[in-house]
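Labels below follow one simple rule: chain letters A, B, ... track the order of the sequence lines, proteins then strands, and each chain is numbered from 1.
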Amino acid sequence: MTTKPVVAHSEAAVYVYEAPLRLWHWINALSITLLAITGWFIASPLPSVSGEAIDNYVMGYMRFVHFAAAYIFAVGFLFRIYWAFAGNHHARQIFLPAIFDKDWWGGVWHELKWYAFLVKEPRKYIGHNPMATLFMHLMLVWGSVFLIITGFALYGEGTGMDSWQYALFSSWVIPLFGQSQDVHTWHHLGMWYIVIFVIIHVYVAIREDIMSRQSMISTMVSGWRMFKDARDVEDKP
Amino acid sequence: MIETFYDVMRRQGITRRSFLKYCSLTAAAMGLGPAFAPKIAHAMETKPRIPVLWLHGLECTCCSESFIRSAHPLAKDVILSMISLDYDTLIMAAAGHQAESIIDEIIEKYKGNYILACEGNPGLDEGKTGGMSCIVGGKPYTEQLRRVAKDAKAIISWGSCASWGCVQAARPNPTGATPIHKVPDIGDAPIIKVPGCPPIAEVMTGVVTYMLTFDRLPSLDRQGRPLMFYSQRIHDKCYRRSHFDAGQFVEKFDDEGARKGYCLYKMGCKGPTTYNACSTIRWNGGLSFPIQAGHPCIGCSEDGFWDKGGFYDRLTSIDQFGIESNADDVGLAAVAAVGVGVAAHAAASAVKRAQQKGDQE
Amino acid sequence: MSIKTTPNGYTLNTGGQRVVVDPVTRIEGHMRAEVNIDENNIITNAVSSGTIWRGLEVILKGRDPRDAWAFVQRICGVCTGTHALTSVRSVEDALGINIPENANSIRNIMQLSLQVHDHLVHFYHLHALDWVNPMNALKADPKATSELQQEVAPHHPKSSPGYFRDVQNRLKRFVESGQLGPFKNGYWTNPAYLLPPEADLMAVTHYLEALDFQKEIMKTRTIFGGKDTHPNWTVGGVPCPINMDGVGGVGALNMVNLNQVHQILKDTKTFVDDVYLPDILAIGKFYKGWMYGGGLSSQNILAYGDIPDKANDYSLENLMMPRGAIINGNLNEIHEVDLRDPEQIQEFVPHSWYKYPDGVKGLHPWDGVTDPNFDVSSAKGSKHHIEELDENASYSWIKAPRWRGHAMEVGPLARYVIGYAQGHEYWSDQINRFLKDLDVPVDALFSTLGRTATRALEAQWAADQQLYFFDKLMTNIKNGDSSTHGGELWDPEEWPSEAKGVGFSEAPRGALGHWIRIKDKKIENYQCVVPTTWNGSPRDEAGNIGAFEASLMNTKVERPEEPVEILRTLHSFDPCLACSTH
Ligand code: HEM
Ligand code: HEM
Ligand code: NFV
Ligand code: SF4
Ligand code: SF4
Ligand code: F3S
Ligand SMILES: [Mg+2]
C-alpha cells in the first residue's frame, strides 16, 4: 500500500452543537430507550403476577412510563423543530438535507465509499457529513414523526372520541391504516425502524470518533468539534 | 286504522301528557319553536309505520337471527308496531314475483320515505362468478340493491358484512364482496353502519327505535357508526381491565388465571382495538359477552378483522414478509441483519485501522 | 319437450307450463325453483338452484386451523355453531386431540339447544305460513280458540279467551292499518289453506309466543360461548372455565349461571312439550290428507350421527344420534358410513357452476376442489337476467354430493327413519305415538308432513337430552373434574408437518361433514359437505335428481300462479342456502 502517512495535527475547535441541542439529544435518547423497552412489554407482557389485582399495576406502570416518555419525546421533538429555526446553522441540518445540491450528493457518495472501504479517507466536516444528515433525516426525523402520529392516534383511543388527541390524530389515522389493530402493527414496526437507526447511529458515532478526521462523542457532550488534521473542511459555513 | 307512533307509545304505557311533552322537547331539539309541537304531535298521531325493505346479499343471516334475540324491545313489537317490514325474504309470506312486486310498489308509494336495511353485501366480481354470486329473481342482487338504495330515506348497513365486507371479503375475496358504502352508484342516501358479526340484538333494535323516536339519524362517527354504541372499545369498559392493568393474564385456556377471570390479552384478545358495545350492553339481554365466557374478543365489529392474523395472537401477522411473521419477527430479523452488518463492518474497520497503523509505522 | 327417466327412478317431462319461483322465500339465503306442470297441474319436472356463493373453502386456504371454526361458523347464522363444532372436531381428528368430559357435555348442550331452537323457529317463522292463514284467524271466535288450546295442550297456561282476543285485536289493528308487512302478498285466498279460524288464531298466537321464547333457548349458549348468535368455540375443549368454589369463581361457570342454564333447559322442554308438539298434531290433523313430498325419503337416506355420550368416542355405540345409510328403501339393511373412504362420499359438479381440473369425476372431499365457473349460456334469457335455467347444463351454485353414487336425503326425517330401523327406543316410541295420535300408517312419514313432524319430535328429544347432559356435567364436577380444555397440542410447533382429519355432526338440517388437510401448520384444503348441499343438490353426471327436486315431483299445484305447494314441500327441508354453497 502506498498511502500517504496521516499527519497527526490539530486545528482550532468549532462550537457546533449548542447546549439546548445537546440537552435535547440526550433526553431524546433516553426517552426513546424507555419507549422501546416499555413498548416491547406492552406488546408482549411479562409473565402474570399473582395476588390481588388492586395490589399490582405492572401493565399500568408500563403504559404510564410509555406515555410519560412519549410526551417528553413528542414535546422534545417539537422543541427540536423550534430549535431548527432558533439555533445555529447546524441545528437545521437534519431537517433540511440539501437534496437538490449535486455536490451534496457527491458527498453522500464519497461517504458511502468510505464506509465500503473504497476510499482511504473520509472528508472533513464541521457539522454532519451528508450521509449522516440523510440517514438521520430519513430514519430519525421521519421515524419520530411517524411514531408520534401513530402513537397519539393510539393514545387518543384511550382518551376518547371527545379528546383533542382523538380529534387531532385518531380520527383520521385509524381509518387511514384500516383499523386500530393496523395502527398498532405500524406503530410497532416504527419502533424497529428507530431501533435500527439507534444501532447504526451509535456504532457509527463510536467508529467515527476513532476513525474520522474530527471529534464525535465529545462533541455531543461539550458542543465543540475538534479536528485531527489542518486541511480544509467541506462544509464551510 | 293504522297504528301510529302515538298508539305504540300509548300502548307502552306513555301518557298523553308525557307524549305531548315529548313532542315539544322534540320540537326544541330540532330547533323549531314551541308552535311546532302540536304539528309534531299530529304527525306522530297519524303517521303510518315507516316501511322497511330488508335486503339479503352475500351473508349468513346471522344479523337477522341476532335481531330476533332482542329483548328490549321485542323483535315482535318492532315488526308489528314500529316499522312496516314490507320486504324481507327471510320471513315474508310472499315468494317469487309476488315478493318482488312489493319492492316496486313501496318504491313508488314511499319514494324517499322508506328505509333500506342491508344484511350482507353484493359480490361485484365479474370474472369467474360473473357478477352472479348472489341472484334474486334471476338478476344480480347488486341491481336490486342499487334500485332500492336510490330512493331510500336512509340505509342501515347491518353487521360487518354490509359495513365492512366480513368473511366473504376475507382474502382472497373470491366473489368481490363489497360493503354497501363502497358499491359504485349506490346513490347518496345516508348510510348508518351497525357493525358486528353479528351486531348485538339490542343495539340493532336500539338504532331502529332511536330513529323512530327522534325522527332523525343517530350521530355518527367519521366512519358512519352510531356514536352511542361504537365510540368506545371493548377494552375501555371491560370488567377484566383491572387484571390487564395489574399484569394478570390468562396464559392458556383453563389455566389458573382463566379460572380466576384474568385478562385475555395474551390469548389474543382484540378488545383493545375493537369498537363495540359488548362489554357494556352485553349479549342476549345483557347476559354475557365473549370475554365473560372466557374467549378472547376476535374483533368482530372491526374492518377486515378476518385478515389480521391468528385470533389467538396478540400481534397481527404480516403476510408480506413471508409466512408466520409479525412486527417483532420482522423487527428482530432486521435488527439481527443490521447487527451482523455492524459487527462485520466494525471488524473490517478494525482490520483496516490496524493496517493503517502498520503503514504509518 | 323431452321425457326421460333418471337412474333414481323419476320420469321427467319438460313439456307443459314452466313455473318459476325466484326468490324462494322463508328460507335462509337465496334459492330458485323451476317446475314443469302438466295440464292437470301435476309437477312433471323439478329444478332447484342455489343462487348464492361466497367461497369459504377458498378463503380458508392458508389459515390457522385453530381459527377455522370462526370462519365456518359464518357459513350460517341460522344453524350457528354447528359448523364451528364440526370444524373443531375436524382439527381434533386431524391432530389427535382429546377434549375433557365437561367440554363434551357443554358442546352437546350447545348443539342440542341449536336443534331445538332451529326447529322451533323454522316451524313457526319459516314454515307455518304454508299451513296457517293469519287472515283467517281474524274470523276466529276467541272462546272457541281457547277451548281448542285447552284441548290440545291442557298444561299451557296461556289459554284464556281474553288472551286470544287480545292477540286477535292486535292482529286486527295490524291488518286494518293496510300495512301488512311480512304478510303482504301472501296467498291468503288460496284453497290450499285448510285450517279452521280457531286453529289459525291459535297458531298465529304461537307464532308470536315462539318469537318471544326462542331468544331464551339460546341463552345457554351465551353463558357457555359468550354470545348468540355465533358463540365461541375452541379446538381442544370449550373456552369457558369452571370455578365452582374458588377465588374468582364469579368470573367463570359457577352456581349462579349454571342454575340459569338449568332453568332455561327446563323452560325449553316445557315450551316444546306444551306448544310445539301439540301444534304439530293439531295442524297435522287437518293436513294428513296432503301426502305429497316424500321424494327420496323412502329410498335413500343418510346420517353421520352425533352427540357423543362420552367424550372423544365417535363410534356408533357412543353416538346418541345414529349413523348409517339406507339404499333403495331397504330398511332392513343399514349400511355403515365411512367418511374417510374415498369411494363413499364424493362430490360432482357437471351441473354446478364450478369446474374440476380433470372434468366430471367425483371427488372425495379430502381431495375436493372449489373453483367457481358461472355459466348460463344455454339458459333462457341473458347472463344477468335468467328467465329459465337449463337443467341439462350447469344451473346451481350447489355441488352434487353422492353416497356411493346415490343422491341422498338427510335431515330429521332421515335420522328418525334410520333410528327407527335401528330400534332407537326413544325415537321409536315418539314415532309410534305420533302415528297413533294422528291415526296414519307408517308410510305417512315419507312425506312433507313427515319431515315437518319428525323435526318437532327431534326438538322434543333434544330438549330432553340437554337435561341429561346438564346432569352429567354437574355430576362430573361433583366428582372433582372441572377441566374444560386439555391444552394438548395447542401450540402448532408440536404438530406434525402434515395431517388430515374429518369432523362431522348432525346439524338441524342433516348430516354435516368438514374435511381438513393441514400442511406446515396451515390449512392446505378445507371442504364442507353440508346438509343442504345433499338435499338441494342439482343433477349429477348420471342424471340422478336431488332430494328437493325428487320431493316436488308429482305434486299437484292448485294455482300455478300461487304455488304454495312448492313452498310447502321445499320448506319441509328447511333449506339453508348459505350453508349449501358456503
Ligand atoms: C436513542 C438514542 C439516540 C438517538 C435517537 C440519537 C439521535 C441523534 C441525532 C438526531 C443526532 C443529530 C443531532 C442534530 O443534528 O440535531 C445525533 C447526533 C449525535 N449522536 Fe446521537 N442519538 C442517540 C444516541 C447516541 C449515543 C448513545 C451516542 C454516543 C455513543 C450518540 C452520539 C451522537 C453523536 C456523537 C452525534 C453527533 C454526530 C455528529 O457530530 O455528526 N448518540 N444523535
Ligand atoms: C420512539 C418512540 C416510540 C416507540 C419505540 C414506541 C413503541 C411502542 C410499541 C412497540 C408499542 C406496542 C405496539 C403493539 O401493540 O404491538 C407501543 C404502544 C403504544 N404506544 Fe408507543 N412508541 C413510541 C412512541 C409513542 C408515542 C409518541 C406515543 C404517544 C402517546 C405512543 C403511544 C403508544 C400507545 C398509546 C400505545 C398502545 C398502548 C396499549 O395498547 O396499551 N408511543 N409503542
Ligand atoms: N344445511 C345447513 Fe345448516 C344446518 N342445519 C348446516 O350445516 O343451515 Ni344454515
Ligand atoms: S356480519 Fe357476520 S353475522 Fe352478519 S351476516 Fe355477515 S357473516 Fe353473518
Ligand atoms: S380481556 Fe381483552 S378487553 Fe378485557 S381487559 Fe383484557 S385485553 Fe382488554
Ligand atoms: S368478538 Fe365481537 S362480539 Fe364483541 S367482544 Fe369482540 S366485538
Ligand atoms: Mg363444499
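Remark: C:K184 does not engage B:D88 in a salt bridge, criterion side-chain N to carboxylate O under 4.0 Å. Ion pairing between a basic and an acidic side chain is recognised when a charged N comes within 4.0 Å of a carboxylate O; C:R173 and C:E176 show no such pairing. Using a cutoff of 4.0 Å between basic side-chain nitrogens and carboxylate oxygens, C:D22 and C:R32 are scored as salt-bridged. Taking 4.0 Å as the cut-off between side-chain N and carboxylate O, C:E387 and C:K380 do not count as a salt-bridged pair.
The most heavy-atom pairs under 4.5 Å with chain C, out of B:H97, B:E256, B:E143, B:E105, come from B:E105. The greatest number of non-hydrogen atom pairs below 4.5 Å with chain C, out of B:A94, B:C166, B:G120, B:C300, is found for B:A94. Top candidate by heavy-atom pairs under 4.5 Å with chain C, chosen from B:M267, B:Q292, B:R282, B:E100, is B:E100. Contact tally against chain C (heavy-atom pairs below 4.5 Å) for B:Y87, B:Y141, B:W283: the top residue is B:W283. Counting heavy-atom pairs under 4.5 Å between each of B:G261, B:G57, B:G294, B:A93 and chain C puts B:A93 at the top. Of the listed residues (B:N284, B:D313, B:T175, B:L85), the one with the most heavy-atom contacts under 4.5 Å to chain C is B:N284.
Both the backbone and the side chain of B:I91 come within less than 4.5 Å of a heavy atom in chain C. Within the 4.5 angstrom heavy-atom criterion, atoms from both the backbone and the side chain of B:K76 approach chain C. Interface residue B:D307: backbone and side-chain heavy atoms are both found under 4.5 Å from chain C. Both the backbone and the side chain of B:C197 come within contact range of chain C, with heavy atoms under 4.5 Å apart. Of the two parts of B:A201, neither the backbone nor the side chain holds a non-hydrogen atom closer than 4.5 Å to a non-hydrogen atom of chain C. Residue B:Y262: no heavy atom, backbone or side chain, is found under 4.5 Å from chain C. Of the atoms belonging to B:A177, not a single heavy atom falls under 4.5 Å from chain C. Within the 4.5 angstrom heavy-atom criterion, atoms from both the backbone and the side chain of C:N185 approach chain B. With a 4.5 angstrom heavy-atom cutoff, B:I298 touches chain C only via side-chain atoms. Both the backbone and the side chain of B:E126 come within contact range of chain C, judged by heavy atoms closer than 4.5 Å. With a 4.5 Å cut-off on non-hydrogen atoms, B:S64 does not touch chain C at all. The part of C:H117 that comes within reach of chain B is its side chain, from C-beta onward, which places non-hydrogen atoms under 4.5 angstrom from that chain. Neither the backbone nor the side chain of C:A379 comes within contact range of chain B; no heavy atoms are under 4.5 Å apart.
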Decide salt bridge (Lys or Arg N to Asp or Glu O under 4.0 Å) for C:D371 and B:K128; before the verdict, give the C-alpha distance in whole Å, the side-chain angles of both, and the deciding distance to 0.1 Å. CA-CA 8 Å; C:D371 186 11; B:K128 286 174 164 187; 2.6 Å; yes
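Aromatic ring centroids of C:W233 and C:H485 lie 6.0 Å or more apart. The aromatic ring centroids of B:F67 and B:W54 lie less than 6.0 Å from each other.
Once rounded to the nearest 0.5 Å, the distance linking CG of B:N113 with NZ of B:K109 reads 12.5 Å.
Between the side chains of C:H83 and C:Q73, not a single donor N or O lies within less than 3.5 Å of an accepting N or O.
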